[in-house]
Amino acid sequence: MKIIRTVGDLRKYVVDAHDSGKSIGLVPTMGALHAGHMSLMHKARKENDVVVASVFVNPTQFNNAQDLKTYPRTESADVALLEDAGVDAAFIPSVEEVYPEPDTRVFDLGKVAEVMEGKMRPGHFNGVAQIVSKLFGWVSPDRAYFGEKDFQQIAVIKKMVQLEGFDIEIVDCPICRHDDGLAMSSRNVRLTEEQRSIAPKIHKVLTDSLKWAEEHSPQEVKQMVADTLNGVEWLETEYYEIVDSLSMQPIEKWEDVDKKSGAVAVGCVTVYCGDVRLIDNIKYVNK
């Protein structure tokens, strides 16, 4: 596997690949890789001639300086995992390489970026659009792979692709979970042993809400989920919204989902387990 540190070397690498008629799959990451990331790498490996993965903790998408400071950085372990997954090139730049000068671009991402994470983390999605658009411009991939744990982020990236006119297929990949149901996340390593034993309750409550949804409105389901999670020691719900999977807009009735466009109702939750911010989601596909 080739490790690339500069934008110039990255551009040369992908130009050579494209000139050889090879398809390129890109997997953007912030490192601290786990099996969920590896599932993206394996899918990209199956569907492309060349796989490029980026490892970069992007400062412009953090609106909390402490969160940026404590975000895990494990480059040596990441490189070993990427090699095992058959990745061809790992782009691991410095902040100065990615942002030689401040990125002042502001993206008109619309309503998909205004709710949930967009509301709670002002500027977060603009920072996501900044780094992903840079990567897309440098790599010109045929396909890019993102995990559905960050469900709203995928909608935002698709909007950015539309705005910028990129000819790139965005591939959504299912959430990977530990055996106890906890969604895999780089932040999980920050959980204490006790918190780690409690965190799987997030997924359990979401799963239990599927049955509850059979006879209750979205508002009632939201209340049940939030109340149940908040009743667990160490857990505090920041928000639980049930939204249209395409528009990301909250729904009041199950019928508000635009099924003709292929949308489903999705419950998106953010929960603090101690001081670790965890996200998860579940689809109410039968509603």
Side-chain angles (χ1 to χ4, degrees), residues 26-44 53-58 61-62 64 67 71-72 74 78 81 85 112-113 115-121 124-125 127-129 131-132 143-160 170-191 195-196 198-207 209-210 225 229 235 237-246 248 263-273 276-285:
L26 172 67
V27 187
T29 84
M30 293 208 299
L33 303 180
H34 50 68
H37 294 109
M38 293 305 101
S39 71
L40 307 184
M41 307 297 168
H42 293 313
K43 187 169 179 58
S54 64
V55 176
F56 178 67
V57 181
N58 176 43
Q61 70 189 69
F62 286 82
N64 182 317
D67 192 21
Y71 197 88
T74 56
D78 292 345
L81 286 171
V112 297
V115 297
M116 298 188 294
E117 292 297 279
K119 181 179 180 180
M120 296 298 175
R121 302 176 68 186
H124 167 65
F125 283 132
V128 170
I131 183 59
V132 174
R143 302 170 191 87
Y145 297 78
F146 298 90
E148 286 188 342
K149 181 175 71 68
D150 298 290
F151 196 85
Q152 186 180 8
Q153 177 177 275
I154 294 175
V156 168
I157 289 169
K158 288 179 177 178
K159 178 66 174 179
M160 182 275 292
I170 304 302
V171 183
D172 311 2
C173 301
I175 297 174
C176 286
R177 299 184 181 278
H178 295 281
D179 291 342
D180 57 12
L182 179 63
M184 292 183 180
S185 170
S186 300
R187 288 184 167 88
N188 291 348
V189 300
R190 294 179 50 206
L191 297 169
Q195 291 166 352
R196 177 62 185 81
I198 291 168
K201 293 183 184 295
I202 298 170
H203 179 58
K204 183 181 186 306
V205 173
L206 292 183
T207 302
S209 76
L210 296 176
V225 168
L229 289 172
L235 298 185
T237 306
E238 185 174 65
Y239 66 78
Y240 183 58
E241 289 287 355
I242 299 178
V243 302
D244 180 294
S245 62
L246 296 181
M248 292 293 117
V264 298
V266 178
C268 299
V269 73
T270 293
V271 181
Y272 278 93
C273 187
V276 183
R277 191 174 187 269
L278 303 175
I279 65 174
D280 204 344
N281 60 76
I282 197 163
K283 297 177 182 178
Y284 298 92
V285 293

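Please read all numbers here as calculations on a predicted model, not as lab measurements.
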State, to 0.1 Å, how close Ala35 and Cys176 come at their nearest heavy-atom pair, and which atoms those are. O-SG, 4.4 Å
Can you name the side-chain hydrogen bond (donor to acceptor under 3.5 Å, both in side chains) partners of Arg177, sequence neighbours left out? His203, Asp280
Looking at every heavy atom in both Cys268 and Met116, which two are closest together, and how far apart are they? CB-SD, 3.5 Å
What is the minimum heavy-atom distance between Leu235 and Lys201, and which atoms define it? CD1-CB, 4.3 Å
Can you tell whether the side chains of Arg187 and Asp67 come within less than 4.0 Å, N to carboxylate O? yes
Ring pair (Phe, Tyr, Trp, His ring centres under 6.0 Å) partners of Tyr284, counting only residues at least two apart: Trp254
Taking the side chain from Gln152 and the backbone from Val115, do they hold a donor-acceptor pair closer than 3.5 Å? yes
Under the ring pair (Phe, Tyr, Trp, His ring centres under 6.0 Å) test, residues paired with His178 that sit two or more places apart: none
All heavy atoms of Pro72 vs all of Ser186, minimum pair found to be CG-O, 3.4 Å
Which residues pass the side-chain contact (heavy atoms from CB on, under 4.5 Å) test with Pro174, not counting sequence neighbours? none
Partner of Asp172 by salt bridge (charged side-chain N to carboxylate O under 4.0 Å, His left out), out of Lys158, Lys149, Lys283: Lys158
Nearest 0.5 angstrom please: Ile202 CD1 to Asn281 CG, how far? 12.0 Å
Excluding sequence neighbours, so at least two apart, what forms ring pair (Phe, Tyr, Trp, His ring centres under 6.0 Å) with Tyr239? none
With sequence neighbours excluded, residues passing salt bridge (Lys or Arg N to Asp or Glu O under 4.0 Å) with Arg277: Glu117, Glu238
